[in-house]
J.: 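Here it is: the structure, laid out below.
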Amino acid sequence: MPNIVLVGAQWGDEGKGKIIDVLAEESDVVVRFQGGNNAGHTVKVGDDKYVLHLIPSGILHPGKHCVIGNGVVIDPVALVSELDELKQKGVDPDGRFHISDRAHVVFPYHGLLDLTRESNLHKGKKLGTTKRGIGPSYSDKAARVGLRMGDLIDPQFDELLMPRITEANKVLQAMGADPVDAGQLLAAYRTAAQELAPFVSDTISFLGEACRTKKSILFEGAQGTMLDIDFGTYPYVTSSNGTAGGACTGSGVPPHRIDQVLGVIKAYTTRVGEGPFPTELTDEVGQTLAKVGNEFGATTGRPRRCGWFDAVVARYAAMVNGIDFWAMTKLDVMDSLQTIKICVAYECDGKRYNTVPANIRVYERCRPVYEEMPGWQCPTTAVTTLKDLPPKARAYVDRLCEITGVKLGILSVGPKRSSTMRVAV
Ligand code: GDP
Ligand code: IMO
Ligand code: MG
């Protein structure tokens, strides 16, 4: 299989975990390149359900190598419990799970800073973060004061960490929050370090060798294009680059080794957390999508906001990621709808927008311009080939591809591996 970068094309939760799981079968290595345990990637294998937060979804395929790249931020205590859960379910990571020694560490004070900053923000200004300390950890990385996984397993870890705790506690107290207990923190992180040390290594050389020996690499993006710190709806974004460029900076694999970019996109749109969402539906249709699609956050359990497919977002995602094919998911969730709308442009103050405006105050006021199509009103989840789709469902999928200018690579009509049509990927 070619080296594929898989990215979310909307606001996250597009079904990336499921598609990675399907493609991992044919890959040698699966790499996470950004984000942290703010991600929640659900994979259904038979009747078993796995939710992966930090570990690449490829881990469920025995023998496949899985890498947490340098661009990821890692909460080591959370990672140990994720590993333990997998081991209890019979997944063996030994010899095939690799954690970059350059990946930054998330500490409890990052989580507390995240939480305190959010609760100090006025209603309407909150970001709705996952409160996993992602923003503060990436802030430390950019400020060049972060600690990395290589530091966590270094004998001098305590000396490296103490000044960080002292500074973080001053900030926390100034913000009206309780300081962290240095003793407790050190004890918990020393234990986690012992558990993780066997997996920490120079993943850049490992991936370099994988490229040299023509192994096939699958890059697992987290979050989505509209949550990307540069291309998303700033400031209602996460703190990393979940778009295709992040695959290189977050793994050390050079751009010319990427063969293909696959955009995962739902047949409708969802968003969890705060921020503008032009096609959001607060009516019965929105409730139907949420209920049938089981739209609850895999990490926080929060209900996801649901809305119509937004072709402005999809075209923009196709452009900034260079998406070759769509992996379109959750078509089955729309089975009962009588009429379906597609947002083809926005309008704001009498002006038409065909792309996503940078100014968040303009974006907040953008109203969708819709075209309508008839629903197919029959079940699709048992369909296994495109030609057996109800004609109106096929017409809807074809229209989405046409107005976004991207070909269909994969179509998913259910959470299971078997509910997946491989069209061109
Ligand atoms: P990710 O973060 O992009 O990996 O997506 P999540 O796992 O957070 O959310 C996607 C949800 O949709 C999961 O519960 C999947 O099991 C489920 N899912 C994926 N593809 C399909 C599909 O085609 N149809 C249905 N009904 N569910 C799907
Ligand atoms: P996956 O990989 C959906 C959202 C949060 C919040 C914003 C910032 O499962 O698609 P953060 O904790 O990252 O600082 O929160 O980003 N968010 C996600 N939404 N799916 C995700 O990951 C997300 N990761 C972060 O809800 O709005
Ligand atoms: Mg998710």
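Note that ligands are numbered from 1 as they come in the structure, with each ligand's atoms numbered from 1 the same way.
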J.: If the threshold is 4.0 Å, N to carboxylate O, is there a salt bridge linking R399 and E371?
T.: yes
J.: Counting heavy atoms only, name the option from T42, V333, T420, V413 that's nearest to atom 13 (C) of ligand 1.
T.: T42
J.: Taking only Lys NZ, Arg NE, NH1 and NH2, and the carboxylate oxygens of Asp or Glu, determine whether R305 and E280 approach each other closer than 4.0 Å.
T.: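 A salt bridge links R305 with E280.
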J.: Can you tell which of I20, V31, L218, I68 makes a side chain to side chain contact (heavy atoms under 4.5 Å, CB included) with P56?
T.: I68
J.: Please check if the side chain of T243 supplies one atom and the backbone of G245 the other of a donor-acceptor pair under 3.5 Å.
T.: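 Checking the backbone N and O of G245 against the side chain of T243, no donor-acceptor pair under 3.5 Å is found.
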J.: Please verify whether a non-hydrogen atom of R304 lies at under 4.0 Å from ligand 1.
T.: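 Yes, R304 has a heavy atom closer than 4.0 Å to ligand 1.
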J.: Among all protein heavy atoms, pick out the one at the shortest distance from atom 10 (C) of ligand 1; state its residue, atom name and that distance to 0.1 Å.
T.: D13 O, 3.8 Å
J.: When you measure from atom 22 (C) of ligand 1 to each heavy atom in G224, G414, S419, which option holds the nearest one?
T.: G414
J.: How far is atom 4 (O) of ligand 1 from its nearest protein heavy atom, and which residue and atom name does that atom have?
T.: G17 N, 2.8 Å
J.: Applying the side chain to side chain donor-acceptor pair (under 3.5 Å) criterion to S412, which one of E14, K266, K330, K18 satisfies it?
T.: K18
J.: For K16, counting its heavy atoms only, list the atoms of ligand 2 lying under 4.0 Å from any of them.
T.: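 Listed by number with element, the hits are 1 (P), 2 (O), 10 (O).
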J.: Can the ring centroids of Y363 and Y346 be said to lie less than 6.0 angstrom from one another?
T.: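 Yes, the ring centres sit under 6.0 Å apart.
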J.: Quick one: does T129 get an N or O within less than 3.5 Å of an N or O on ligand 2?
T.: no
J.: If we ignore hydrogens and angles and just use 3.5 Å, is the side chain of S57 paired with the main-chain N or O of T42 as donor and acceptor?
T.: no
J.: Is the cationic atom of K89 (NZ for Lys, CZ for Arg) positioned less than 6.0 Å from the six-membered ring centroid of Y50 and within 45 degrees of its normal?
T.: yes
J.: Strictly below 4.0 Å, N to O, side chains only: are E26 and R422 in salt-bridge contact?
T.: yes
J.: Which heavy atom of the protein is the closest neighbour of atom 13 (O) of ligand 2, given with residue, atom name and distance?
T.: T238 OG1, 2.6 Å
J.: Give the residue and atom name of whichever protein heavy atom lies nearest to atom 19 (C) of ligand 1, and the separation in Å to one decimal.
T.: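 Nearest protein contact, heavy atoms only, for atom 19 (C) of ligand 1 is K18 CD, 4.0 Å.
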J.: Using the six-membered ring wherever Trp is involved, compare the ring planes of F206 and H65 and label them parallel, tilted or perpendicular (cut-offs 30° and 60°).
T.: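 F206 vs H65 ring planes: tilted.
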J.: Which atom, counting only N, O or S, brings D13 closest to the Mg ion (ligand 3)?
T.: OD1
J.: Looking only at distance, does G12 have an N or O less than 3.5 Å from an N or O of ligand 1?
T.: no
J.: By number and element, which atoms of ligand 1 are closer than 4.0 Å to a non-hydrogen atom of S412?
T.: 20 (N), 21 (C), 22 (C), 23 (O)
J.: Using a strict cut-off of less than 4.0 Å between a Lys/Arg side-chain nitrogen and an Asp/Glu carboxylate oxygen, indicate whether R417 and D21 qualify as a salt bridge.
T.: yes
J.: Should we say atom CD of E402 is surrounded by more than 12 heavy atoms from elsewhere, each under 6.0 Å from it?
T.: yes
J.: Counting only heavy atoms not in E85, do more than 12 sit closer than 6.0 Å to its CD atom?
T.: no
J.: Between F309 and Y396, is the ring centroid distance below 6.0 Å?
T.: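 That pair fails the under 6.0 Å test.
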J.: Taking only heavy atoms of A222, which atoms of ligand 2 are found under 4.0 Å from at least one of them?
T.: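 Contacts of ligand 2 toward A222, numbered from 1: 2 (O).
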J.: List ligand 1 atoms under 4.0 Å from D332, heavy atoms only on the residue side.
T.: 22 (C), 23 (O), 24 (N), 25 (C), 26 (N)
J.: Tell me, which protein residue and heavy-atom name are nearest atom 12 (O) of ligand 2, and how many Å apart are they?
T.: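 Protein heavy atom at minimum distance: T130 OG1, 2.5 Å.
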J.: Looking only at protein heavy atoms, which one is nearest to atom 17 (N) of ligand 2, and how far off is it?
T.: L227 CD1, 3.8 Å
J.: Consider every N or O of E14 and every N or O of ligand 2, then say whether any pair is closer than 3.5 Å.
T.: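 No, there is no polar N/O contact under 3.5 Å.
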J.: With atoms numbered from 1 as shown, which atoms in ligand 2 lie under 4.0 angstrom from a non-hydrogen atom of D13?
T.: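 The list of qualifying atoms is 1 (P), 3 (C), 9 (O), 10 (O), 20 (N).
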J.: Please write down residue, atom name and distance for the protein heavy atom closest to atom 5 (C) of ligand 2.
T.: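 Nearest protein contact, heavy atoms only, for atom 5 (C) of ligand 2 is G128 O, 3.5 Å.
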J.: State the atoms of ligand 1, each with its element, that fall below the 4.0 Å cut-off from a heavy-atom position in G40.
T.: 1 (P), 2 (O), 4 (O), 6 (P), 7 (O), 8 (O)
J.: Please verify whether a non-hydrogen atom of G8 lies at under 4.0 Å from ligand 1.
T.: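 For ligand 1, residue contact (heavy atoms, under 4.0 Å) with G8 is absent.
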J.: May I ask you to identify, for V272, whether its side chain, its backbone, both or neither come under 4.0 Å of ligand 2 on a heavy-atom basis?
T.: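 For V272, backbone and side-chain atoms both sit under 4.0 Å from ligand 2.
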J.: Would you mind telling me if ligand 2 is within reach of the side chain of R271, the backbone, both or neither, using heavy atoms under 4.0 Å?
T.: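 It is neither part, as no heavy atom is under 4.0 Å.
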J.: Consider every N or O of H41 and every N or O of ligand 2, then say whether any pair is closer than 3.5 Å.
T.: yes
J.: Do other residues, nucleotides or ligands put more than 12 heavy atoms under 6.0 Å from the NZ atom of K87?
T.: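 Yes.
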J.: At less than 4.0 angstrom from any non-hydrogen atom of A39, what atoms of ligand 2 do you find?
T.: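 Those qualifying, in numeric order: 1 (P), 2 (O), 9 (O), 22 (O).
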J.: Test I217 against every option in S27, C211, P2 by the side chain to side chain contact (heavy atoms under 4.5 Å, CB included) rule and name the one that passes.
T.: C211
J.: Counting non-hydrogen protein atoms only, what is the nearest one to atom 16 (O) of ligand 1? Give residue, atom name and distance.
T.: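 Scanning the protein heavy atoms, the shortest distance from atom 16 (O) of ligand 1 goes to P415 CB, 3.5 Å.
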J.: Please write down residue, atom name and distance for the protein heavy atom closest to atom 26 (O) of ligand 2.
T.: R302 NH2, 2.9 Å
J.: Going by the angle between their ring planes, with limits at 30° and 60°, are Y316 and F231 parallel, tilted or perpendicular?
T.: perpendicular
J.: Where is the nearest protein heavy atom to atom 12 (O) of ligand 1: which residue, which atom, and how far?
T.: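 So the nearest neighbour among protein heavy atoms is K330 NZ, 2.9 Å.
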J.: I'd like to check which ligand 2 atoms, numbered from 1 as shown, lie under 4.0 Å from a non-hydrogen atom of W11.
T.: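 Checking each atom against W11, I get 3 (C), 19 (N).
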J.: Short list, please: which atoms of ligand 2 are under 4.0 Å from a heavy atom of V237?
T.: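 That gives atoms 7 (C), 8 (C) of ligand 2.
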J.: Short list, please: which atoms of ligand 1 are under 4.0 Å from a heavy atom of H41?
T.: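 It comes down to these atoms of ligand 1: 1 (P), 2 (O), 4 (O), 7 (O).
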J.: Charged N to carboxylate O below 4.0 Å: is that the case for K44 and D48?
T.: no
J.: Between T381 and V413 (side chain of the first, backbone of the second, donor and acceptor by atom type, cut-off under 3.5 Å), is there such a pair?
T.: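 Checking the backbone N and O of V413 against the side chain of T381, a donor-acceptor pair under 3.5 Å is found.
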J.: Is there a polar contact between ligand 1 and K16, counting only N or O atoms under 3.5 Å apart?
T.: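 Yes; the residue has a nitrogen or oxygen that sits under 3.5 Å from a nitrogen or oxygen of the ligand.
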J.: Does K44 come within less than 4.0 Å of ligand 1, judged by its heavy atoms?
T.: no
J.: Please verify whether a non-hydrogen atom of G8 lies at under 4.0 Å from ligand 2.
T.: no
J.: Look at atom 23 (C) of ligand 2 and say which protein heavy atom is nearest, naming residue and atom and giving the distance to 0.1 Å.
T.: Q223 CG, 3.6 Å
J.: Identify whether the distance between the nearest side-chain nitrogen and carboxylate oxygen of R271 and E295 falls below 4.0 Å.
T.: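 Not counted as a salt bridge, because no side-chain N and carboxylate O are separated by less than 4.0 Å.
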J.: Indicate yes or no: does R132 engage D114 in a salt bridge with an N to O separation below 4.0 Å.
T.: no
J.: Using a 4.0 Å heavy-atom cut-off, say whether D114 meets ligand 2 through its side chain, its backbone, both or neither.
T.: neither
J.: Quick check: does G40 put an N/O/S atom under 2.8 Å from the Mg ion (ligand 3)?
T.: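 Yes, since at least one N, O or S atom of G40 sits under 2.8 Å from the Mg ion (ligand 3).
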